[in-house]
Amino acid sequence: MAKHKTHFEECDVLVVGGGMAGTGATFEARHWGRDLKIICVEKANIDRSGAVAQGLYAINCYMGMQWDENQPEDHVRYARNDLMGMVREDLGYDMARHVDSTVHMFDEWGLPMMKNEKTGRYLREGKWQIMIHGESYKPIVAEAAKKSADKIYNRIMITHLLMDESQENRIGGAVGFNMRTGDFHVFRAKTVIVAAGGASHIFKPRAVGEGMGRTWYAPWSNGSAYALPIAAGAKMTQMENRIVLCRFKDGYGPVGAYFLHLKTYTQNANGENYEKKWYDQTKELVGEYIDHHPTPTCLRNHAFIQEVAAGGGPIHMVTKEAFQDPHLETVGWENFLGMTVGQAVVWASQNIDPKHTNPELTTSEPYVMGSHATCSGAWVSGPEDLSPPEYFWGYNRMLTIDGLFGAGDTVGGSAHKFSSGSFTEGRLAAKAAVKYIEDKKADGINVSDKQCEDFKTAVYKPLETYTVAQNEITGGTVSPSYISPIQGLQRLQKIMDEYVGGITSNYMTNGNMLKRGLELLDWLQEDLEKVGAEDYHQLMRAWELKHRALTSQCVTEHTLFREETRWPGYYYRGDHMKLDDDNWHCLTVSRRDPKTGKFTMEKVPVYHIVDENEKKKAS
Ligand SMILES: Cc1cc2nc3c(=O)[nH]c(=O)nc-3n(C[C@H](O)[C@H](O)[C@H](O)COP(=O)(O)OP(=O)(O)OC[C@H]3O[C@@H](n4cnc5c(N)ncnc54)[C@H](O)[C@@H]3O)c2cc1C
């Protein structure tokens with residue numbers, strides 16, 4: 001172990017992950033904490049990291065309050081509808097009332113925004129989206145963070161959170177290792193803001209073998225945002241609410257601009273509008289939710305999945321009409337060049353010119369996220385002026401561990417934040433973290449050298465395991481005494497896919513399947529003690545796998561707990577096929593005991609804050 005040098009750093013605000021939320025947090029922490037020491041630690045390189053690494057073509061969350069295009073209440077209604085009622089309205093409202101100011105800063109910082117020539121306003125793609133030339137989006141927000149932080153550490157993966165030893169349930173920092181030098185890094189911190197993105201690759205992806213990594217969600221997002229707080233004993237919410245995306249087949253190219261801007265539409269192989277065909281069947285399952293406008297994302301997926309299962313596939317996006325217009329044709333292609341170049345390459349390789357051939361769509365494998373059309377993540381306190389008592393414990397976006405904050409995909413209950421809302425949530429978390437320090441809540445933290453040394457031993461164990469076990473390799477990578485990260489990952493994906501509602505079972509699961517899945521996940525955890533890493537890159541893979549496995553356990557526990565099918569099209573509980581508002585119009589909250597590894601589950605009321613006053617007045 002001595003061969004790995006240890007670096008110690010002390011700071012006030014430690015931001016884990018320099019994506020959209022992390023850059024927002026780093027920027028805002030400096031605004032409120034002029035004299036504080038602010039550190040941001042990023043697994044990749046902050047200039048091109050996270051889900052926005054390649055750039056984006058649209059900012060998906062902008063109210064336009066200055067022109068009265070939308071108000072925060074409208075966004076809460078929208079997110080609530082899309083998530084079949086299950087959102088934290090306090091968090092959503094709080095994000096929405098601040099998100100415009102974030103977007104205006106992006107504009108000032110030089111992000112090229114498209115403008116409506118007639119009105120001079122930002123060019124709308126849809127009710128919530130505005131269009132940008134967004135290739136440079138990530139370097140621009142990274143620059144804001146770099147100018148704000150005392151130091152940005154790139155290429156360090158945070159593996160564990162440190163806990164204060166003088167006061168129970170209080171954060172003390174985090175540890176990780178540099179994937180290039182192999183050095184160990186200890187960050188003792190008064191507050192930690194986890195902003196480490198969502199989780200891809202916990203379910204078996206459609207593309208395997210040489211195509212592995214071709215997923216919709218960023219392949220490097222490995223669930224650290226969830227595993228770090230889960231391992232420390234923080235409460236999580238809505239982890240069953242995984243997301244399935246309908247996207248262009250094989251390249252996962254986005255469809256939003258096609259629907260909204262190009263006005264393309266979908267049809268089955270016979271040229272029929274299949275969504276109508278499934279109306280009655282869907283109404284049987286979810287009742288009046290199918291009549292809501294816009295149709296919730298999961299229910300549109302549901303019609304797609306049913307149609308394909310009934311033999312109506314492939315489903316196509318009708319592009320042939322729109323692409324006859326040279327302007328729309330350019331927009332259609334540029335949409336990919338700005339963020340999913342791979343889709344253009346896939347079409348070229350498959351001889352698809354969308355002007356002459358309608359491309360296929362598919363539904364993806366599930367992902368775990370907190371910022372998209374889904375809201376899995378940590379159970380956090382809301383803002384003091386909005387949150388009911390059950391949702392408020394002192395500091396906005398603080399988890400159930402004192403001094404530990406979250407933002408972006410990390411935070412559960414607040415869907416439809418997207419890039420701008422995640423940056424905004426980072427800002428909100430940082431402001432609260434600074435206040436926490438100013439209120440002297442972080443005084444007297446003690447993190448012993450022993451705690452750090454114990455983590456160091458654990459972090460490098462996969463290297464030790466490999467060093468010994470490589471002598472027993474019987475052929476290729478086969479060894480009786482260790483498993484490689486890729487072997488462990490494929491085993492995890494198989495369990496999640498087959499038992500927890502992945503693509504193999506057409507997103508279907510049930511109580512018995514989930515219980516069996518949990519058993520298999522437990523055994524996987526045992527074997528992960530034997531994961532081996534031959535170099536630092538594989539060590540990162542080993543820790544990514546461990547974080548994915550813990551996230552998966554939590555997802556499975558939640559899926560077992562919620563005995564209904566709340567989001568058909570995301571997953572189905574075959575033993576409880578219907579939405580059940582009488583028993584399950586609530587949020588699910590879990591906690592894993594760090595000592596025993598056992599999860600406990602509870603139901604928490606979902607409060608409909610927006611429109612509630614109107615209802616009260618009316619009654
Ligand atoms: C395919 C796709 C398309 C999208 N399209 C749009 C769009 O058009 N418009 C829009 O507004 N939004 C879009 N979004 C949503 C937007 O990208 C996310 O909402 C936003 O990036 C979430 O911010 P975040 O900070 O939580 O996660 P991220 O931005 O992903 O950042 C997480 C960061 O944490 C780092 N990290 C992870 N683990 C660790 C660790 N253990 N230690 C240190 N660092 C770590 C990662 O490297 C990464 O930099 C899209 C998302 C995806 C996946």
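Each ligand, and each atom within it, is numbered from 1 in the order the structure gives.
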I need the contact type for Ser419 against ligand 1. Using non-hydrogen atoms and a strict under-4.0 Å cut-off, is it side chain, backbone, both or neither? both
Row check, Tyr93 ring normal vs Arg77 NZ/CZ: under 6.0 Å, within 45°: no
Less than 3.5 Å between some nitrogen or oxygen of Val52 and one of ligand 1, yes or no? no
Can you give me the closest heavy-atom contact between Ser371 and Asp409, atom names plus distance? OG-OD1, 2.7 Å
Can you tell me if Thr363 uses its side chain to pair, donor with acceptor, with the backbone of Leu245 under 3.5 Å? no
Hey, is ligand 1 close enough to Glu42 that some N/O pair sits below 3.5 Å? yes
Answer with side chain, backbone, both or neither: which part of Leu56 has a heavy atom less than 4.0 angstrom from an atom of ligand 1? side chain
Which is it for Ile156 and ligand 1 at heavy atoms under 4.0 Å: side chain, backbone, both or neither? backbone
Heavy atom under 4.0 Å from ligand 1: found in Ile46's side chain, backbone, both, or neither? neither
Side chain to side chain contact (heavy atoms under 4.5 Å, CB included) for His201 and Thr215? Distances and angles first, verdict last. CA-CA 8 Å; His201 279 307; Thr215 60; 3.5 Å; yes
Do Tyr153 and Glu9 get their side chains close enough for a donor-acceptor pair, meaning under 3.5 Å? yes
Of the side chain and backbone of Trp543, name the one, both, or neither that has a heavy atom under 4.0 Å from an atom of ligand 1. neither
Does Thr410 reach ligand 1 with a nitrogen or oxygen that is under 3.5 Å from one of the ligand's nitrogen or oxygen atoms? no
Can a donor-acceptor pair be found between the side chains of Gln538 and Ser484 at a distance below 3.5 Å? no
